Asks: 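Take this structure, written in structure tokens, and hold onto it; I'll ask about it next.
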Amino acid sequence: MALLPILCYPNPKLHQVAKRVAVVDARIRTLADDMLETMYDAKGIGLASTQIDVHERLIVIDVSEERDQPLVLINPELVWTSPTTHLNEEGCLSVPGIYDGVERFDAVRIEAWDATGQSRTIEAEGLLAVCIQHEMDHLMGKVFVEYLSPLKRNRIKTKMLKAQREDAR
């Protein structure tokens, strides 16, 4: 397994729309394992392939306290959302140190393939539902700061660019 570099906002590659995975093979399983290792190392609860500059529809999630319930979702599709939403405090591995409120559905149902290529239907609520929606946004080229006001988004962009310049020194 390997740690993968995570793209940071406002990298334009974060806005690419991911393509469907054609077949679940050893390459995809290795990618999923590497993504899980990267996510755990970064202390995250979710990671989309777009964030590591791979533009295929693959996300990994683990919202368990023990960090021992990894979820691999390949080609996830939203098939149902609850009629109710709520504001959630969100952060993102591609926007480190930034947290803000985003309106999300309270519950969702998705269909996806797992790491073996088997089709699964997952019903989620709470933190898992929020995480699924957040990571699926990444596959569509959307970063959570895009839900914020233009003023907040510009402040975050400026802060992130400044941090990247300082890291490059």
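All figures in this text were calculated on a predicted structure; none of them were measured in a lab.
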Asks: Tell me if a side-chain donor or acceptor on E111 pairs with a main-chain N or O of V79 at a distance below 3.5 Å.
Replies: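 Such a contact is absent between E111 side chain and V79 backbone.
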Asks: Quick one: side-chain hydrogen bond (donor to acceptor under 3.5 Å, both in side chains) pairs with a partner in residues 77-92, sequence neighbours left out?
Replies: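 For residues 77-92: T84-D106, T85-E103, H86-N88, H86-D106, E90-R104, E90-H134.
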Asks: On a heavy-atom basis, which atom in Q51 and which in S94 lie closest, and how many Å separate them?
Replies: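 Between these two residues, the closest heavy atoms are NE2-OG, 3.0 Å.
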Asks: Kindly give the heavy-atom pair with the smallest separation between A48 and M35, and that separation in Å.
Replies: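 Shortest heavy-atom separation between A48 and M35 comes out as C-CE, 3.6 Å.
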Asks: Can you find a pair of side-chain heavy atoms, one from D53 and one from N11, that are under 4.5 Å apart?
Replies: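 A side-chain contact under 4.5 Å is absent here.
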Asks: Does the pair V108 and M136 meet the rule for a side chain to side chain contact (heavy atoms under 4.5 Å, CB included), with working shown?
Replies: CA-CA 12 Å; V108 296; M136 287 182 69; over 6 Å; no
Asks: Roughly how far apart are C8 SG and K13 NZ, rounded to 0.5 Å?
Replies: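 Reported to 0.5 Å precision, the distance equals 13.0 Å.
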Asks: Between atom CD1 of I156 and atom CD1 of I98, what is the distance when rounded to the nearest 0.5 Å?
Replies: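 Going from CD1 on I156 over to CD1 on I98, the span is 5.0 Å.
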Asks: When rounded to the nearest 0.5 angstrom, what is the spacing between CG in N75 and CZ in R20?
Replies: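 The CZ atom of R20 is 4.0 Å from CG of N75, to the nearest 0.5 Å.
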Asks: For D33, which residues count as a side chain to side chain donor-acceptor pair (under 3.5 Å) partner, sequence neighbours excluded?
Replies: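 So D33 forms no side chain to side chain donor-acceptor pair (under 3.5 Å) with any residue.
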Asks: M140: which other cluster members, linking ILVMFWY side chains closer than 4.5 Å, directly or transitively?
Replies: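 V17, listed by chain and number.
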Asks: Below 4.5 Å, heavy atoms only, C-beta onward: do P76 and I132 meet side chain to side chain?
Replies: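 Not in contact.
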Asks: Do side-chain atoms of D34 reach the backbone of A2 as a donor and acceptor pair under 3.5 angstrom?
Replies: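 Answer holds: yes.
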Asks: Atom OG1 of T50 and atom CG of L139: how far apart are they, to the nearest 0.5 Å?
Replies: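 Reported value, rounded in 0.5 Å steps: 5.0 Å.
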Asks: For R155, does the CZ atom sit with more than 12 other heavy atoms under 6.0 Å from it, leaving out its own atoms?
Replies: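 Counting other residues, nucleotides and ligands, CZ of R155 stays at 12 neighbours or fewer.
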Asks: What heavy-atom pair brings V24 and G117 nearest, and what distance separates the two atoms?
Replies: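 Looking at all heavy atoms of both residues, the closest pair is CG2-CA, 3.7 Å.
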Asks: If you look only at pairs with a residue in residues 39-48, which of them pass as a side-chain hydrogen bond (donor to acceptor under 3.5 Å, both in side chains), with sequence neighbours excluded?
Replies: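 For residues 39-48, and leaving out neighbouring residues, the side-chain hydrogen bond (donor to acceptor under 3.5 Å, both in side chains) pairs sorted by first residue read Y40-D62.
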Asks: Is there a chain of hydrophobic side chains (I, L, V, M, F, W, Y, each step under 4.5 Å between heavy atoms) that links I6 to M160?
Replies: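 Result: no, two separate clusters.
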Asks: So, is the end of the K142 side chain (NZ or CZ) under 6.0 Å from the ring centre of Y147 and within 45° of the ring's axis?
Replies: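 Relative to the ring axis of Y147, which defines the angle, K142 lies inside both limits.
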Asks: Passes side chain to side chain contact (heavy atoms under 4.5 Å, CB included), V145 versus K152? Steps please.
Replies: CA-CA 8 Å; V145 297; K152 280 187 177 181; over 6 Å; no
Asks: To the closest 0.5 Å, what do you measure between CG (L14) and SG (C92)?
Replies: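 Those atoms lie 7.5 Å apart.
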Asks: Under a 4.5 Å cut-off applied to non-hydrogen side-chain atoms, are M39 and I45 in contact?
Replies: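 They are not in side-chain contact.
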Asks: In terms of hydrophobic clustering (I, L, V, M, F, W, Y; side-chain heavy atoms under 4.5 Å; direct or indirect links), are L7 and I52 co-clustered?
Replies: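 No, it is not one cluster - the side chains of L7 and I52 are not joined through contacts under 4.5 Å.
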Asks: Under a 4.5 Å cut-off applied to non-hydrogen side-chain atoms, are Q69 and V63 in contact?
Replies: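 Q69 does not reach V63 side chain to side chain.
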Asks: If you look only at distance, which donor and acceptor atoms sit under 3.5 Å apart when one is on a side chain in residues 161-169 and the other is two or more places apart or in another chain?
Replies:
residue : atom : partner : partner atom : Å
Q164    : NE2  : Y9      : O            : 2.9

Asks: Starting at CD1 of I61, measure out to CD1 of I122 and round the result to the nearest 0.5 Å.
Replies: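 Between atom CD1 of I61 and atom CD1 of I122 there are 8.0 Å.
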Asks: Can you find a heavy atom in the side chain of V72 that is under 4.5 Å from one in the side chain of D114?
Replies: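 Counting from C-beta outward, V72 and D114 never come under 4.5 Å.
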Asks: Can you hop from L73 to L36 via hydrophobic side chains spaced under 4.5 Å?
Replies: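 Cluster IDs for L73 and L36 differ.
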Asks: Give me the atom names and distance for the closest heavy-atom approach of G101 to L87.
Replies: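 Reported closest heavy-atom pair: C-CD1, 3.6 Å.
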Asks: Going by heavy atoms in the side chains, are L93 and T38 under 4.5 Å from each other?
Replies: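 No; the side chains remain at least 4.5 Å from each other.
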Asks: As a quick check of understanding, evaluate side chain to side chain contact (heavy atoms under 4.5 Å, CB included) for H15 and V143, giving each step before the final call.
Replies: CA-CA 8 Å; H15 299 294; V143 181; 4.3 Å; yes
Asks: Quick one, L4 and L47 - any side-chain contact, counting heavy atoms below 4.5 Å?
Replies: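 No, every pair of side-chain atoms sits at 4.5 Å or beyond.
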Asks: What closest approach, in Å, do F144 and V102 show between heavy atoms, and which atom pair accounts for it?
Replies: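 Scanning both residues completely, I find the closest heavy atoms to be CD1-CG2, 3.7 Å.
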Asks: Going by atom types alone, do E56 and S49 pair a side-chain donor with an acceptor below 3.5 Å?
Replies: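 No pair is found: no donor N or O on one side chain lies under 3.5 Å from an acceptor on the other.
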Asks: Between I59 and H138, is the side chain to side chain contact (heavy atoms under 4.5 Å, CB included) condition met? List the steps.
Replies: CA-CA 9 Å; I59 60 179; H138 277 298; over 6 Å; no
Asks: Filter on salt bridge (charged side-chain N to carboxylate O under 4.0 Å, His left out), then keep only pairs touching residues 118-135, sequence neighbours left out; what's left?
Replies: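 Qualifying pairs, neighbours excluded: R109-E123.
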